*Asks:* 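Once you've had a glance at the structure underneath, I'll fire off some questions.
FYI, side chains are in, hydrogens and waters are out, and symmetry mates aren't considered; it's all heavy atoms of this structure. Remember, it's 1-based here, ligands and their atoms both numbered in the order they're listed. The structure presented is a predicted model; accordingly, all values stated were derived computationally and were not measured.
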Amino acid sequence: MNNEKISVALFGFGCVGQGLYDVLNHSEVLQANIARIGVKDPKKQRSVDASLITYDKDDILNRQDLDVVVEMITDTDEAYAIAKTAMNNGMNVVSASKKMLATYFAELFKVQEDTGKALIYEGAAGGSIPIIRTLEEYYDNELLGSLRGILNGTTNYILTRMELENKDYGDVLKDAQASGFAEADPWLDVAGFDTMYKTILLSVHAFGVVLKPEDVLTLGIQNISFDDIRYAREKGLRIKLIGSAAKSADKFRVYVMPRFISKEDELFNILYEYNAIEVEGAFSCKQSFVGKGAGSHPTGSAVLSDISALTYNYKYAYKKLNKLRALNGGRIAGNELLDKKFTTRVYIRFGDKEELRDLDIQHVVEEYRSPKVNFIIADVGFESLYKHKGNKDSKLFICEC
Ligand code: HSE
């Protein structure tokens with residue numbers, strides 16, 4: 001591939017697809033020709049020339065003249081099939097589908113190895129923040145100890161507006177949807193899953209470990225109330241949804257949970273749809289990366305950067321993954337390296353004490369009961385928190401202290 005004019009086909013023309021289309025049309029350096037746009041719904045009006053649109057994915061996947069397929073659709077299995085087929089048919093792929101990438105990471109890694117084709121996905125984590133290539137290139141030889149961040153624009157937007165504008169959770173979620181920040185299924189945002197998929201991808205590039213979505217503890221903000229916001233405010237804290245991955249002896253602690261953040265913390269002032277990622281290395285020490293984490297143009301700009309990288313034959317080297325694999329007898333290191341055996345201090349707001357029965361509460365540090373609100377601060381066995389992952393019956397709000 002060279003820098004003259006590359007031929008690109010898009011799958012999906014939703015929020016990110018349209019953002020990419022705009023930023024591509026404004027790019028002064030990258031010369032790309034959009035050859036085709038594959039979409040699903042024939043009834044939807046599109047803002048592009050109808051001759052570009054196709055409803056048959058094979059119109060794109062069977063072409064011989066394409067350099068890059070850009071996949072930005074919400075159906076996870078369909079996105080996986082597209083990415084796999086495109087690589088098998090000799091095309092490089094750019095994807096922004098974090099759920100698909102995290103769910104099928106090991107399979108897609110193998111397709112890349114078998115075909116020699118590139119699959120790159122800067123837009124899948126941190127929106128406009130160039131974090132994946134930074135982990136790949138800049139930190140490729142650094143001994144990273146931990147990584148944590150605000151990785152979901154929708155939840156940060158909700159938390160910010162609840163706290164600073166006293167806005168109702170449901171109303172702000174609607175605004176986040178209208179602004180194009182939220183997923184088609186916003187449960188993925190509020191219950192922490194979107195943050196978890198991104199944390200899995202960042203863990204691959206930071207540490208070389210490939211975790212499965214079902215194994216990573218994921219707690220969200222779906223049960224948050226003004227009582228929790230008020231409690232945090234009184235203590236000079238803010239609540240943020242944090243994805244974190246840290247080395248712990250020869251294992252890794254990787255999870256997603258709301259957390260109280262103090263004023264001294266870099267993440268305290270990350271507001272609205274902004275994301276931030278803090279990386280800590282043995283020699284580089286702490287470094288933070290901040291930028292818009294959601295929205296059509298910020299994510300479109302990350303996708304554009306990937307398309308541009310393919311013009312100079314860029315692909316991820318997966319140095320850390322391959323190093324860990326070599327130490328692991330040739331097998332990709334995964335869930336066996338996940339440390340779940342520790343205790344963590346959490347704030348738990350509950351209605352009835354019965355709701356706490358399945359938690360391994362080892363030590364209660366503080367307990368508050370009133371007719372309106374009950375909470376405890378306690379040291380809890382980490383593994384017992386999994387019962388509340390994606391659990392629509394659970395009414396607890398759990399926040400790490
Ligand atoms: N729903 C996602 C978010 C979109 O709110 O961060 C960007 O990945």
*Asks:* Exactly one of R233, K372, R349 should register a salt bridge (Lys or Arg N to Asp or Glu O under 4.0 Å) with D227. Which one does?
*Replies:* K372
*Asks:* Does the D65 side chain pair with the main chain of S7, one donor and one acceptor, at a distance under 3.5 Å?
*Replies:*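 Not confirmed, D65 side chain does not pair with S7 backbone.
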*Asks:* List ligand 1 atoms under 4.0 Å from G153, heavy atoms only on the residue side.
*Replies:* 3 (C), 5 (O), 6 (O)
*Asks:* Which ligand 1 atoms are under 4.0 Å away from a heavy-atom of T154?
*Replies:*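 In order of number, 1 (N), 3 (C), 5 (O).
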*Asks:* Report, in ascending order of atom number, the atoms of ligand 1 lying under 4.0 Å from any heavy atom of F181.
*Replies:*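 Here the atoms of ligand 1 in question are 1 (N), 2 (C), 3 (C), 4 (C), 5 (O).
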*Asks:* Please tell me whether Y231 and F260 form a close aromatic pair, meaning their ring centres lie under 6.0 Å apart.
*Replies:* yes
*Asks:* Heavy atoms only: give me the nearest F105-V204 pair and the separation to one decimal.
*Replies:* CZ-CG1, 3.6 Å
*Asks:* If you measure from atom 7 (C) of ligand 1 to every heavy atom of G293, A125, A302, A182, which option wins on shortest distance?
*Replies:*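 The residue whose heavy atom sits nearest atom 7 (C) of ligand 1 is G293.
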*Asks:* Is it true that, when you exclude F342 itself, more than 12 heavy atoms of the residues, nucleotides or ligands shown sit nearer than 6.0 Å to its CZ?
*Replies:*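 Yes - once you tally the heavy atoms of other residues, nucleotides and ligands closer than 6.0 Å, there are more than 12.
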*Asks:* Report, in ascending order of atom number, the atoms of ligand 1 lying under 4.0 Å from any heavy atom of D189.
*Replies:*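 What qualifies from ligand 1 is 1 (N), 2 (C), 3 (C), 5 (O).
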*Asks:* Against heavy atoms of E183, which atoms of ligand 1 measure under 4.0 Å?
*Replies:*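 Those qualifying, in numeric order: 1 (N), 2 (C), 4 (C).
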*Asks:* Could you tell me whether the side chain of L217 reaches within less than 4.5 Å of the side chain of F382, counting heavy atoms only?
*Replies:* yes
*Asks:* Any donor-acceptor pair under 3.5 Å linking the side chain of K198 with the backbone of L151?
*Replies:*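 Flag set: sc K198 to bb L151 pair under 3.5 Å.
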*Asks:* Is A294 in polar range of ligand 1, meaning some N or O pair under 3.5 Å apart?
*Replies:*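 For ligand 1, there is no N or O atom that lies under 3.5 Å from one belonging to A294.
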*Asks:* Show me which atoms of ligand 1 lie under 4.0 Å from any heavy atom of K198.
*Replies:* 2 (C), 3 (C), 6 (O), 7 (C), 8 (O)
*Asks:* List the steps and the verdict of side chain to side chain contact (heavy atoms under 4.5 Å, CB included) for E163 and L271.
*Replies:* CA-CA 10 Å; E163 190 206 329; L271 302 174; 5.8 Å; no
*Asks:* Quick one: does T299 get an N or O within less than 3.5 Å of an N or O on ligand 1?
*Replies:*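 No, since none of the N or O atoms of T299 sits under 3.5 Å from an N or O of ligand 1.
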*Asks:* So which bit of N275 gets within less than 4.0 Å of ligand 1, heavy atoms only: side chain, backbone, both or neither?
*Replies:*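 For N275, there is no contact with ligand 1 at all, from either part.
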*Asks:* Within the 4.0 Å heavy-atom shell around K98, which atoms of ligand 1 are there?
*Replies:* 2 (C), 4 (C), 7 (C), 8 (O)
